Amino acid sequence: MIISIASGKGGTGKTTIATSLALSIGRNVQFLDCDVEEPNARIFLKPQIEKVEKVTVLVPEVDENKCDFCGKCSEVCEYNAIVVAKNKVLIFPELCHSCGGCVLFCPQKAIAEKEREIGKIEVGKAGDIGFISGILNVGEAMPVPMVSAVKRKINKEKSVIIDVSPGTSCPVVEAVKYSDYCILVTESTPFGLSDLKLAMGVLAKMKIPCGIVINKYDSTYTKTEEFCKQQDIPVLLKIPEDRKIAESYSKGEPLVKALPEYKNEFVKMLERIKK
């Protein structure tokens, strides 16, 4: 199975759940850190990195000896990555979405494409866990190509755990796409519930089944469980707000190693998901 771990809100403990699930599965599992703007799963899994690969995208390059400055490329570009002046073509690579439209529609065939590096992928192992992590370069505005590059490394012969960035924006959609199941991590707060609803709406449109993990669980706040019951969405696991968990997290120690009794809970959760 491909199981993605997402959350509408940041700071809910998504990486804690993702790494704990991978460690609980143990064998024949691959972990993908697709939170490429802030990848931190390595802190907990402590992988041995075996190789690093550059990730590039294609951006236009104009041959001004061929260009007649007609402005067609600028008209075609939906993202204002090309501006044509009287005798100059200005290209803004950071805005380019690598669609290739400018190359296709240039009447003078004056535009070619060149590679531009946007980040890197780390490939390694954390014990028996295959580890893939995308790291977007600082200042890059579009993480989706990086997420796509990480997902091309998926080994379908293994159980795949995908750590997704928080929110409901484009990189989240790209990361959860084609997942067999998505675990949404939330917390017992009004903000957590509000963003959970947004995330559930995205998954509903994508027709991806989901279940909920309530982290930092507070039994006095019942609205999250009431909402899940109304929507017929299962609450897979409740993890209380525990000082021991917070201390282990601050030390970069996985939950299931600090509190081994939780390993069985994650195994049960996985079996429930498979059913």
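Here the structure is a predicted model, which is why all the values come from computation and not from measurement.
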Quick check: does any side chain N or O of [X] sit under 3.5 Å from a backbone N or O of [Y], one acting as donor and the other as acceptor?
{"X": "Asp33", "Y": "Ala41", "result": "yes"}
{"X": "Asp35", "Y": "Asp163", "result": "no"}
{"X": "Ser4", "Y": "Val176", "result": "no"}
{"X": "Lys151", "Y": "Ala175", "result": "yes"}
{"X": "Ser7", "Y": "Thr186", "result": "no"}
{"X": "Lys46", "Y": "Gly252", "result": "yes"}
{"X": "Gln30", "Y": "Lys158", "result": "no"}
{"X": "Ser98", "Y": "Leu58", "result": "yes"}

Worked check of side-chain contact (heavy atoms from CB on, under 4.5 Å) between Ile239 and Tyr217: CA-CA 6 Å; Ile239 301 175; Tyr217 177 67; 5.9 Å; no

Those residues that, when tested against Asn40, pass side-chain hydrogen bond (donor to acceptor under 3.5 Å, both in side chains) (two or more places apart):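 Only Thr15 meet the side-chain hydrogen bond (donor to acceptor under 3.5 Å, both in side chains) criterion with Asn40.
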
Count the heavy atoms of every other residue, nucleotide or ligand shown that sit under 6.0 Å from [atom1] of [X], and state whether that count exceeds 12.
{"X": "Glu78", "atom1": "CD", "result": "no"}
{"X": "Lys263", "atom1": "NZ", "result": "no"}
{"X": "Phe92", "atom1": "CZ", "result": "yes"}
{"X": "Glu247", "atom1": "CD", "result": "yes"}

Hydrophobic cluster partners of Met142 (side-chain heavy atoms under 4.5 Å):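 Via sub-4.5 Å side-chain contacts, Met142 links to none.
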
Closest approach of [X] and [Y], non-hydrogen atoms and distance?
{"X": "Val144", "Y": "Pro171", "value": "CG2-N, 3.8 Å"}
{"X": "Gly13", "Y": "Val185", "value": "C-CG1, 4.1 Å"}
{"X": "Cys210", "Y": "Leu203", "value": "CB-CD1, 3.6 Å"}

Partners meeting ring pair (Phe, Tyr, Trp, His ring centres under 6.0 Å) with Tyr178 (sequence neighbours left out):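 Partners of Tyr178 by the ring pair (Phe, Tyr, Trp, His ring centres under 6.0 Å) criterion come out as none, since no residue qualifies.
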
Ring pair (Phe, Tyr, Trp, His ring centres under 6.0 Å) contacts touching residues 43-72 (sequence neighbours left out):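 Every ring pair (Phe, Tyr, Trp, His ring centres under 6.0 Å) pair that includes a residue of residues 43-72, provided the two are not neighbours, is Phe44-Tyr249.
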
Salt-bridge present ([X], [Y]; N to O < 4.0 Å):
{"X": "Lys54", "Y": "Glu115", "value": "no"}
{"X": "Arg116", "Y": "Glu61", "value": "no"}
{"X": "Glu271", "Y": "Lys268", "value": "no"}

Shared hydrophobic cluster for Leu21 and Leu45 (ILVMFWY, side-chain gaps under 4.5 Å):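 Same cluster.
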
Test side-chain contact (heavy atoms from CB on, under 4.5 Å) applied to Phe227 and Ile233, step by step: CA-CA 9 Å; Phe227 174 76; Ile233 300 296; over 6 Å; no

Atom pairs and distances, donor-acceptor, side-chain atoms in residues 103-113, under 3.5 Å, two or more places apart:
unit_1	atom_1	unit_2	atom_2	d
Gln108	NE2	Asp68	OD2	3.1

Throw together a table of side-chain donor-acceptor distances under 3.5 angstrom for residues 117-130, partners on residues two or more places apart or in other chains.
unit_1	atom_1	unit_2	atom_2	d
Glu122	OE1	Arg42	NE	3.4
Glu122	OE1	Arg42	NH2	3.2

Inter-residue atom distance Ile132.CD1 - Ile162.CD1, 0.5 Å rounding: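 The CD1 atom of Ile132 sits 11.5 Å away from the CD1 atom of Ile162.
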
